[in-house]
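Since the structure comes first, as structure tokens, the remarks are kept for the end.
Each chain gets a letter, A, B and so on, in the order its sequence line appears, and its residues count up from 1.
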4 protein chains.
Amino acid sequence: MSSEKQPRKSRRDRRREELKNAAIEIFFEHGYHAAKVSQIVERVGVAQGTFYLYFEGKQQLFSELISDFLELFVSTVADWEPGDINSRKVLRQELTRVGLSVTRVLLDNKKVTAIFFRESQAVAPELNTLIRHSYEMLLAMLTDFNRILCKRGLIAEMNFRVLATMTVGMVERIIVERIVHDTLKDAEPEEIVEHLVLHYMAGTSDIVDESLS
Amino acid sequence: MSSEKQPRKSRRDRRREELKNAAIEIFFEHGYHAAKVSQIVERVGVAQGTFYLYFEGKQQLFSELISDFLELFVSTVADWEPGDINSRKVLRQELTRVGLSVTRVLLDNKKVTAIFFRESQAVAPELNTLIRHSYEMLLAMLTDFNRILCKRGLIAEMNFRVLATMTVGMVERIIVERIVHDTLKDAEPEEIVEHLVLHYMAGTSDIVDESLS
Amino acid sequence: MSSEKQPRKSRRDRRREELKNAAIEIFFEHGYHAAKVSQIVERVGVAQGTFYLYFEGKQQLFSELISDFLELFVSTVADWEPGDINSRKVLRQELTRVGLSVTRVLLDNKKVTAIFFRESQAVAPELNTLIRHSYEMLLAMLTDFNRILCKRGLIAEMNFRVLATMTVGMVERIIVERIVHDTLKDAEPEEIVEHLVLHYMAGTSDIVDESLS
Amino acid sequence: MSSEKQPRKSRRDRRREELKNAAIEIFFEHGYHAAKVSQIVERVGVAQGTFYLYFEGKQQLFSELISDFLELFVSTVADWEPGDINSRKVLRQELTRVGLSVTRVLLDNKKVTAIFFRESQAVAPELNTLIRHSYEMLLAMLTDFNRILCKRGLIAEMNFRVLATMTVGMVERIIVERIVHDTLKDAEPEEIVEHLVLHYMAGTSDIVDESLS
DNA sequence: CATGAATGAGATTTCATTCAT
DNA sequence: GATGAATGAAATCTCATTCAT
């Protein structure tokens with residue numbers, strides 16, 4: 001936002017960042033409830049009180065981390081400006097592109113990703129509302145996207161919301177397995193994304209004639 | 001399960017059941033950490049100390065609930081004894097059948113389902129291990145299943161573990177939306193299951209020739 | 001209230017009483033803000049947590065003490081059922097009687113009295129409201145009383161509310177000096193009460209002719 | 001007080017004054033314990049550290065405010081140089097005069113007055129000692145004054161210390177009601193002072209023959 | 001079996017005060 | 001003189017669990 005002359009980040013911002021990073025480590029290692037503010041400040045090397053100069057409390061900090069994560073994720077998806085998708089081939093290329101972007105972002109934020117999927121829902125009702133809101137947005141975006149693709153004849157007619165939901169689920173579980181649990185190590189990100197894209201596309205193609213029988 | 005001579009359930013077992021049910025309500029309403037043992041016993045109308053005659057503690061009870069849920073889920077899937085799947089048509093019918101079984105079970109246990117997906121991972125490391133174990137099992141089963149189907153020429157060659165993972169994800173997210181968040185209300189369970197099955201099957205069919213380009 | 005067969009006070013009530021008495025000591029010795037809950041429980045010999053089984057917290061306990069005190073004081077005054085006051089002589093006797101009652105009550109509760117006058121207003125706004133309420137009541141009662149006496153020709157016409165206010169003040173300061181600060185030791189309670197009564201009566205008598213000049 | 005050459009007040013003195021006034025506002029609004037140094041400096045628009053260039057700390061500032069108030073009050077009373085009081089009529093005039101002086105001073109310092117009566121005793125033992133000292137002085141002065149009046153035959157023989165105490169109480173409660181709680185609004189200061197004076201004088205007149213019966 | 005009063009460890013949070021710049 | 005980030009001591013309160021009755 002503001003930059004140019006002045007130092008990239010003010011002293012204040014840097015300290016804040018330090019605390020957030022330490023918090024991510026601690027939350028990742030112990031989980032929200034077992035994590036102590038004392039552990040966070042100890043890792044940064046500041047006094048207990050300092051923490052409260054930067055955050056309202058442990059919960060607010062956690063919410064902020066989750067909120068940041070959601071924003072990063074959603075904006076990565078939303079920033080995606082697909083070219084003119086006029087063929088299934090282009091669609092496949094575009095989906096692969098956005099899939100790899102998301103993958104990169106998540107791999108760069110493994111710990112927050114893990115924290116998010118592990119326990120973001122188990123901390124505070126307000127936070128749940130926020131998370132829910134992001135899901136609704138994402139699902140709405142995808143549902144619309146599906147509808148457009150259908151109009152262009154690229155995917156078949158179906159319940160687009162259900163399709164969007166399934167898509168989100170596929171992606172989520174893949175993320176959790178690969179990034180949180182470190183499984184699927186035999187497959188490269190590229191291969192996995194390709195599977196996701198192909199599965200999505202095949203599942204939406206017209207040639208689902210079996211269902212007619 | 002066990003019955004025959006003695007009264008259906010001993011007094012002890014009934015009280016235990018009562019406490020578990022009360023716990024489900026309370027955990028559902030407040031979440032594990034905000035739930036108090038005092039609230040659970042109050043709902044049943046027994047004294048605080050009584051709780052500890054039936055359970056080792058709050059966490060053990062929670063683990064038991066999750067464990068029960070996992071067993072129920074896994075056994076519902078495992079009990080499924082598919083006939084001879086020798087055509088994609090039969091496959092579709094069988095998948096639909098098992099999908100509806102699972103749906104029924106989950107709808108009968110909405111609250112535990114919600115608890116499971118919301119916060120089962122945020123309680124204790126031991127429990128996480130248990131849950132992880134179930135996932136591994138499920139994924140292994142599905143991976144094998146996919147491999148068999150492929151051998152029989154019913155689905156295409158691909159990374160079966162990734163396919164299994166995507167499948168689990170699709171189903172999970174659908175469950176969460178429909179059962180935990182009460183969305184997708186415009187679609188009947190039957191329709192949803194059909195979407196899942198068709199999507200799974202289409203995504204596995206041979207006709208994924210686009211990927212060759 | 002309830003008695004007869006069962007023990008005068010339940011175990012619970014006795015423990016509560018113990019804690020209240022200990023609290024009075026501690027509040028008296030250190031003042032509200034310097035008083036620690038740990039000191040209170042230590043004096044009784046119970047664990048820290050026990051305190052919170054009986055009171056919502058330190059402030060609620062303090063409020064309760066003040067509230068008890070006010071109730072005791074007001075009821076002592078209100079319970080006073082003066083006989084037919086038809087002469088200044090009877091009036092004087094009656095006032096002396098009630099004055100001695102109040103004196104007795106306060107001497108029996110020296111420490112709470114001291115706490116009340118020292119810092120009851122400096123703890124919480126809600127409590128201030130309660131205290132204010134009691135003052136309003138007391139002043140209203142006295143104002144009415146003065147009006148009646150005037151109608152009966154026992155005291156002169158004047159601003160009865162101002163008179164009531166002055167009366168309350170006289171009594172209060174006397175209480176504070178005698179009971180809280182242990183001064184005025186050369187005068188017996190009887191003498192002091194007599195001074196108060198005579199001063200009140202003289203100040204209300206018709207013979208204030210000087211003011212006419 | 002001090003002036004002549006230098007600017008009315010040095011920059012330092014003016015800033016000090018600003019802080020004291022801000023403190024009065026904050027203490028009045030929130031009470032001593034709830035008042036934060038940060039609020040005081042914020043109101044003046046200086047940094048937190050600046051506060052400590054002018055005062056030793058929060059408590060010292062509070063003590064200074066109370067001390068100023070006491071000095072102002074006592075000096076207002078002490079500055080009173082009564083003419084030759086040789087008749088009850090002159091006495092009445094003189095008392096009225098001093099009463100109105102005091103009234104004026106208090107009305108000019110409503111907030112400190114409120115602070116003083118609400119919680120000056122609940123802050124620190126040292127301060128209590130100071131306050132106590134002022135009371136003793138005031139009571140001694142009044143006791144002496146009463147003794148002199150008696151010698152001159154202007155008031156009756158009685159326990160002069162008790163009389164002084166009652167007098168102080170009357171005045172205090174009137175102040176609290178009128179200035180702190182804003183009641184007694186139907187009576188003008190003049191009327192109230194007159195009531196006080198007349199009540200005092202009547203209560204001290206010889207004609208208290210009823211007490212003899 | 002049932003009770004429920006008592007326990008007590010320990011984490012969060014506040015805010016007056018300091019001091020290097 | 002002025003700043004304001006950092007300090008850190010210390011107190012309240014919670015609640016799962018125990019155990020004597």
Side-chain angles (χ1 to χ4, degrees), chain A residues 10-12 14-16 19 33-42 44-61, chain B residues 10-12 15-16 32-42 44-62, chain C residues 10-12 14-16 19 33-42 44-61, chain D residues 10-12 15-16 32-42 44-62:
Chain A
S10 69
R11 192 157 328 195
R12 188 178 168 79
R14 258 178 296 147
R15 169 90 356 140
R16 210 163 183 285
L19 283 164
H33 282 96
K36 309 299 165 213
V37 171
S38 61
Q39 296 173 309
I40 296 171
V41 296
E42 191 185 19
V44 176
V46 295
Q48 192 94 348
T50 304
F51 180 88
Y52 294 89
L53 295 176
Y54 295 91
F55 306 99
E56 279 160 45
K58 180 178 148 182
Q59 189 180 111
Q60 183 266 316
L61 166 56
Chain B
S10 69
R11 191 159 323 181
R12 187 177 169 80
R15 170 128 308 173
R16 209 164 184 285
Y32 177 78
H33 282 97
K36 296 170 199 162
V37 172
S38 63
Q39 295 174 308
I40 297 172
V41 297
E42 191 185 20
V44 176
V46 296
Q48 192 103 345
T50 303
F51 181 88
Y52 293 87
L53 297 174
Y54 294 91
F55 306 99
E56 279 160 44
K58 180 178 157 181
Q59 191 180 111
Q60 181 267 314
L61 165 56
F62 186 83
Chain C
S10 69
R11 193 158 327 192
R12 186 175 170 82
R14 258 178 296 148
R15 168 91 352 141
R16 209 163 185 285
L19 283 164
H33 282 97
K36 309 299 166 211
V37 172
S38 61
Q39 296 173 309
I40 297 171
V41 296
E42 191 183 21
V44 176
V46 294
Q48 191 95 348
T50 303
F51 180 88
Y52 294 90
L53 294 177
Y54 295 91
F55 307 99
E56 279 159 47
K58 180 177 149 181
Q59 189 180 110
Q60 182 266 315
L61 165 57
Chain D
S10 69
R11 190 158 325 181
R12 185 175 171 82
R15 170 127 309 176
R16 207 164 185 288
Y32 176 78
H33 282 97
K36 295 170 201 163
V37 172
S38 62
Q39 294 174 309
I40 297 172
V41 296
E42 190 186 21
V44 175
V46 297
Q48 193 102 345
T50 304
F51 181 88
Y52 293 87
L53 298 174
Y54 295 91
F55 306 98
E56 279 160 45
K58 178 178 158 182
Q59 190 179 115
Q60 181 268 314
L61 165 56
F62 186 84

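Of all the heavy atoms in A:V46 and A:R15, the pair that sits closest is CG1-NH1, 3.2 Å. Heavy-atom minimum distance, C:V44 versus C:L19: CG2-CD2, 3.9 Å.
Applying the Watson-Crick and G-U wobble criteria (two distances, each under 3.5 Å), F:dT21 pairs with E:dA2. The partner of E:dC15 is F:dG8, by the rule that a Watson-Crick or G-U pair needs both atom distances under 3.5 Å.
Taking 4.0 angstrom as the limit, B:R15 places none of its side-chain polar atoms (N or O) nearer than this to OP1 or OP2 of E:dC1. Between D:Y52 and E:dT17 there is a side-chain polar atom (N or O) within less than 4.0 angstrom of OP1 or OP2. Between F:dG4 and A:R11, no contact under 4.0 Å exists linking OP1 or OP2 to a side-chain N or O.
Place C:E56 and B:E56 on DNA chain F by their nearest nucleotides, and C:E56 ends up nearer the 5' end. Along DNA chain E, the nucleotide closest to C:T50 and the one closest to B:A47 are compared, and the more 5′ of them pairs with B:A47. Toward the 5' end of DNA chain E, the nearer of the two residues A:G49 and B:F51, judged by each one's closest nucleotide, is B:F51.
Whole-Å rounding puts the C:E42 CD to F:dA11 C1' distance at 14 Å. When the P atom of E:dT14 is taken as reference, atom CZ of A:F55 falls 15 Å away, rounded to whole Å. Put simply, CZ on B:R16 is 13 Å from P on E:dA2, counting in whole angstrom units. Taking atom NE2 of C:H33 as the reference point, atom C1' of F:dT12 lies 13 Å away to the nearest angstrom. One can place CD1 of C:I40 at 12 Å from C1' of F:dA11, the figure rounded to the nearest angstrom. The separation between A:Q48 atom CD and E:dT14 atom C1' is 11 Å, rounded to whole Å. Rounded to a whole Å, the CG atom of D:L53 is 12 Å from the C1' atom of F:dG4. What separates NZ of A:K36 from P of E:dT13 is a distance of 12 Å, to the nearest Å.
Between the CD atom in B:Q60 and the OH atom in B:Y54 there is a gap of 14.0 Å [rounded to 0.5 Å]. To the nearest 0.5 Å, atom NZ of residue B:K36 and atom CD of residue B:E42 are 10.5 Å apart. Rounding to the nearest 0.5 Å places NZ of D:K58 at 5.0 Å from OH of D:Y32.
Across all strands shown, B:R12 has heavy atoms under 4.0 Å from sugar-phosphate atoms exclusively, and none from any base. The residue C:Y54 sits close only to the backbone: its heavy atoms come under 4.0 Å of sugar-phosphate atoms, none of a base. Residue contacts for B:A35: at a heavy-atom cut-off of 4.0 Å it reaches the sugar-phosphate backbone alone, with no base atom in range. Within 4.0 Å of B:G57, counting heavy atoms only, lie sugar-phosphate atoms of the nucleic acid but no base atom.
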